[in-house]
Amino acid sequence: MKKVLLLIVFLVVPFAVNAAQMQNPDLISVVGNLGPEDGNAPVITAKGNMVRVQNADGKTLEVFDITGRKIASLRIDSPDRSFNLKLRRGLYLLRVDDVSRKTMVN
């Protein structure tokens, strides 16, 4: 059931990407939020192959592909941490605790 929901979510993402993002091959865009919206929740932002995670010291960043397969699991060792993921073109889900971000790499 979880994989089916992920697949449905990722099939909608290409329609949400605007023309400016389509022209920039190094852009990963934050398309949506599936997590809580409180001030202490982790914040995930992505651009190019760089992913920045804030308010998540001691937690783990998980990266999933469109099929739901886990690609990476990275330990966050500071309150403001950046990672160079070197992802291929495609759709990805970034997750820290209950906060998830759908991203697209062009």
Side-chain angles (χ1 to χ4, degrees):
M1 178 72 174
K2 196 179 213 182
K3 286 185 180 183
V4 171
L5 289 175
L6 281 174
L7 185 59
I8 291 170
V9 168
F10 282 122
L11 290 176
V12 175
V13 171
F15 300 106
V17 179
N18 65 35
Q21 292 168 329
M22 297 291 278
Q23 294 172 357
N24 186 347
D26 295 327
L27 183 67
I28 296 178
S29 62
V30 176
V31 179
N33 178 20
L34 303 175
E37 290 295 330
D38 66 59
N40 295 328
V43 176
I44 305 169
T45 53
K47 184 173 182 179
N49 280 317
M50 294 301 296
V51 174
R52 182 178 179 193
V53 182
Q54 298 169 292
N55 301 331
D57 191 14
K59 298 182 180 178
T60 303
L61 170 67
E62 296 174 306
V63 181
F64 298 90
D65 67 9
I66 191 168
T67 65
R69 183 175 53 108
K70 188 185 290 188
I71 295 183
S73 183
L74 306 162
R75 189 81 176 147
I76 302 165
D77 56 6
S78 67
D80 188 351
R81 180 79 158 94
S82 294
F83 298 96
N84 186 355
L85 297 180
K86 298 184 182 181
L87 299 171
R88 293 182 177 182
R89 258 180 84 171
L91 302 170
Y92 297 92
L93 180 71
L94 306 173
R95 182 173 72 184
V96 176
D97 283 347
D98 294 335
V99 176
S100 299
R101 294 282 188 263
K102 296 174 283 184
T103 63
M104 184 171 178
V105 178
N106 291 328

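Side chains are part of it too, since the values below use all heavy atoms of this structure and drop only hydrogens, waters and symmetry mates.
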Minimum heavy-atom distance [X]-[Y], with the two atoms named:
X: Val53; Y: Ala56; value: CG1-CB, 3.6 Å
X: Arg101; Y: Ile44; value: NE-O, 3.2 Å
X: Phe64; Y: Arg95; value: CZ-NH2, 3.5 Å

Does anything in residues 72-85 pair up under salt bridge (Lys or Arg N to Asp or Glu O under 4.0 Å), and if so which pairs, sequence neighbours excluded? Arg52-Asp80, Asp77-Arg81
At what distance, to the nearest 0.5 angstrom, does [atom1] of [X] lie from [atom2] of [Y]?
X: Met104; Y: Leu87; atom1: CE; atom2: CG; value: 13.0 Å
X: Met50; Y: Lys86; atom1: CE; atom2: NZ; value: 10.5 Å
X: Ser82; Y: Lys47; atom1: OG; atom2: NZ; value: 13.0 Å
X: Thr103; Y: Leu91; atom1: OG1; atom2: CG; value: 7.5 Å
X: Arg88; Y: Asp65; atom1: CZ; atom2: CG; value: 11.0 Å

Residue set satisfying side chain to side chain donor-acceptor pair (under 3.5 Å) with Asp57, at least two apart, ordered chain then number -> none
Consider only side-chain heavy atoms of I, L, V, M, F, W and Y, link residues closer than 4.5 Å, and tell whether Leu74 and Val51 are in one cluster. yes
So if you build clusters from Ile, Leu, Val, Met, Phe, Trp, Tyr with side-chain heavy-atom gaps below 4.5 Å, do Leu61 and Val43 land together? no
Within-4.5 Å side-chain heavy-atom neighbours: Tyr92 and Ile66: no
CA sep, side-chain torsions, deciding dist, call: Phe83, Ile76, side-chain contact (heavy atoms from CB on, under 4.5 Å): CA-CA 9 Å; Phe83 298 96; Ile76 302 165; 4.1 Å; yes
So, applying side-chain contact (heavy atoms from CB on, under 4.5 Å) with Leu94, which one of Leu85, Thr45, Val99 is it? Leu85
